[in-house]
Each structure stands twice: as C-alpha cells, then as structure tokens.
Amino acid sequence: MAVTVPPPRVAPEDSPAHSPRDAYASWYEEVLGWPVAGGPPARLVTGDRFDVLELPADAGAELLRRPVTTGPVALAGRRMRFLVAAGSADELEGLLDWLEWGSVALDLTALGAGGRITAPVPPGHPQVSPRGAAVWLRPPEQGCEAFLPSLPGPGQGAGPRHGGAGPDLVRLVAAAATECHRARLWRRTPLRSASAGPCTGRPGQTLTGQTLTGQARFS
C-alpha cells in the first residue's frame with residue numbers, strides 16, 4: 001500500500017511567526033536582554049531589569065518638560081511609563097508619604113515584580129501598530145538599567161556610582177506627584193478641560209508618540 005507523505009508545512013507570510021511583534025520580542029531579548037512574556041502583543045516583564053512608574057499622559061507630558069533626570073519613557077494611550085530601577089515600586093508608597101503626598105489621590109502607580117507592560121515599538125522599527133499603541137518617547141539603550149532613577153542608600157548620592165551623578169528616584173517621584181496633582185486640578189476646571197486636547201495638560205495640544213521625544217539621560 002502506497003503511503004503519501006504530506007509536503008512540509010510553510011508558515012504563511014502573515015502568520016504570527018512573521019509578525020512585527022515577534023521582531024519586537026526578539027529585539028528586547030537579544031539586544032537589551034530583557035525578559036519578554038506572552039504575545040502577540042509582546043509584553044515586557046517588570047521587577048527584573050526595571051520597574052515602572054506610571055501616571056496620566058497629561059501629567060507625564062509636563063514632567064518631561066521639567067529639568068528632572070529620567071530613564072527611558074514610553075507612552076501607551078492615556079498613560080505614560082517611566083522606567084526606574086528594579087525594586088523602586090516597593091518604595092513608592094513610602095516616598096509619597098515622606099513627601100506628604102500620601103493622602104492625596106494622584107493616580108500615580110508603580111509596577112514591580114510580577115508586572116507586565118506592552119512592549120513599545122523598538123527604536124528603528126517601522127511604526128505599524130494601531131493608533132494608541134505603546135511607543136517610546138525616550139527609547140532605551142543597552143546597559144541603561146545601570147542608570148535608571150534609584151533610591152540611594154544611607155549616606156550615598158543618587159545613581160549607580162553613588163556620587164550624585166545618576167538619576168534620583170526621590171526627585172522624580174516628587175516632580176511626578178506635583179504634576180499629577182496639577183493635572184487633576186486642571187481636569188476639574190470645566191473651562192480648561194473643554195479647551196484642552198485629549199491627552200495633555202495644555203489647551204489645544206494633543207500628545208502623540210512624535211511629541212516630547214528626546215534622549216533619556218543615562219549618565
């Protein structure tokens with residue numbers, strides 16, 4: 001009896017194996033060495049190489065205009081995500097209390113161990129994602145984890161060299177809390193809210209992935 005051997009399977013061009021999102025995952029894993037979970041869409045794991053400070057996009061837009069040192073920053077819809085040193089998420093509540101913001105509703109949160117964020121389009125890759133998808137405003141670089149905003153130890157300066165040259169998590173959280181509070185007050189003012197763009201704290205402006213781009217400060 002003749003046996004018919006089926007032809008080898010070939011993945012179609014539009015299969016997930018050839019999707020841009022797989023290329024995104026490969027870039028994060030191979031270039032940056034960041035763990036990626038699930039997909040599509042690919043999701044970056046928080047709590048290992050970095051944590052995330054997350055706030056409303058309008059507050060984040062104003063924070064980026066401040067002379068405050070940051071690491072990589074991503075925009076995802078109406079939320080902005082600031083990468084901070086791993087372990088920082090556990091410090092947020094205590095920092096807000098110490099800064100006397102603990103009793104104020106700020107909509108300022110943090111993602112640490114066990115968290116996930118949608119992977120933004122990597123630098124240099126075509127923007128094929130739908131409107132509102134995650135994009136980098138200040139993209140990451142190899143080794144940037146060593147220069148993320150962190151909480152200095154007792155008697156030490158901020159940053160990995162403990163000499164005060166690196167980003168300071170306390171300054172970043174203080175500025176973020178201030179802008180979250182201002183944005184909240186702005187939204188509660190009817191005339192201002194009606195004249196403002198959908199994702200901004202200023203009248204007539206709309207925050208997009210091409211707005212407020214810049215370089216993260218890694219040293």
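Note that the numbering runs from 1 along the sequence shown for the chain. All figures in this text were calculated on a predicted structure; none of them were measured in a lab.
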Distance, nearest 0.5 Å, that separates NE2 of His181 from CH2 of Trp186 | 14.5 Å
Note, Glu62 side chain near Thr178 side chain (heavy atom, < 4.5 Å) | no
Scanning both residues in full, the closest heavy-atom pair of Ala37 with Arg116 reads CB-NE, 3.4 Å
Between Val31 and Gln142, is a side-chain contact (heavy atoms from CB on, under 4.5 Å) present by the stated rule, with each step listed?
-> CA-CA 7 Å; Val31 177; Gln142 284 182 312; 4.0 Å; yes
Do Leu53 and Leu92 come within less than 4.5 Å of each other through their side chains, counting heavy atoms only?
-> yes
Starting at CG of Leu172, measure out to OG of Ser150 and round the result to the nearest 0.5 Å.
-> 11.0 Å
Where Gly47 and Ala86 come nearest, the two heavy atoms and their spacing = O-CB, 4.2 Å
Look only at the side chain of Thr46 and the backbone of Ala113, and say whether a donor-acceptor pair between them is shorter than 3.5 Å.
-> no
Validation row: Pro149, Val68 side chains within 4.5 angstrom (heavy atoms) = no
Mind checking the CZ-CZ spacing from Arg182 to Arg187? Nearest 0.5 Å is all I need.
-> 13.5 Å
Would you find a donor on one side and an acceptor on the other, under 3.5 Å apart, between the side chain of Asp51 and the backbone of Val84?
-> no
Atom of Pro35, atom of Asp48 and distance for their closest heavy-atom approach = CG-OD2, 3.5 Å
Pairs flagged by side-chain hydrogen bond (donor to acceptor under 3.5 Å, both in side chains) wherever residues 27-39 is involved - sequence neighbours left out | Tyr28-Trp136, Trp34-Glu145
Side chains of Leu44 and Pro120 in contact at under 4.5 Å (non-hydrogen atoms) = yes
Go through the side-chain N and O atoms of Thr70 and Arg138 and say whether any donor and acceptor fall under 3.5 Å apart.
-> yes
Non-hydrogen side-chain atoms of Leu63 and Val73 separated by less than 4.5 Å | no
Would you call Leu151 and Leu95 a side-chain contact if the rule is heavy atoms closer than 4.5 Å?
-> yes
How long is the span from the OG atom in Ser88 to the CZ atom in Phe50, to the nearest 0.5 Å?
-> 12.0 Å
Quick one: do Leu32 and Leu83 end up in the same hydrophobic cluster if we chain Ile, Leu, Val, Met, Phe, Trp and Tyr together by side-chain heavy atoms under 4.5 Å apart?
-> yes
Salt-bridge present (Asp58, Arg78; N to O < 4.0 Å) | no
Common cluster, Leu169/Leu64, ILVMFWY with side-chain heavy-atom separation under 4.5 Å = yes
Does any non-hydrogen side-chain atom of Cys180 lie less than 4.5 Å from one of Pro56?
-> yes
List the atom pairs, donor and acceptor, that lie under 3.5 Å between side-chain atoms in residues 96-111 and the rest of the protein, sequence neighbours left out.
unit_1: Asp107; atom_1: OD1; unit_2: Arg79; atom_2: NH1; d: 3.3
unit_1: Asp107; atom_1: OD2; unit_2: Arg79; atom_2: NH1; d: 2.8

Check whether any side-chain N or O of Arg49 sits under 3.5 Å from a backbone N or O of Gly33 as a donor-acceptor pair, and report yes or no.
-> yes
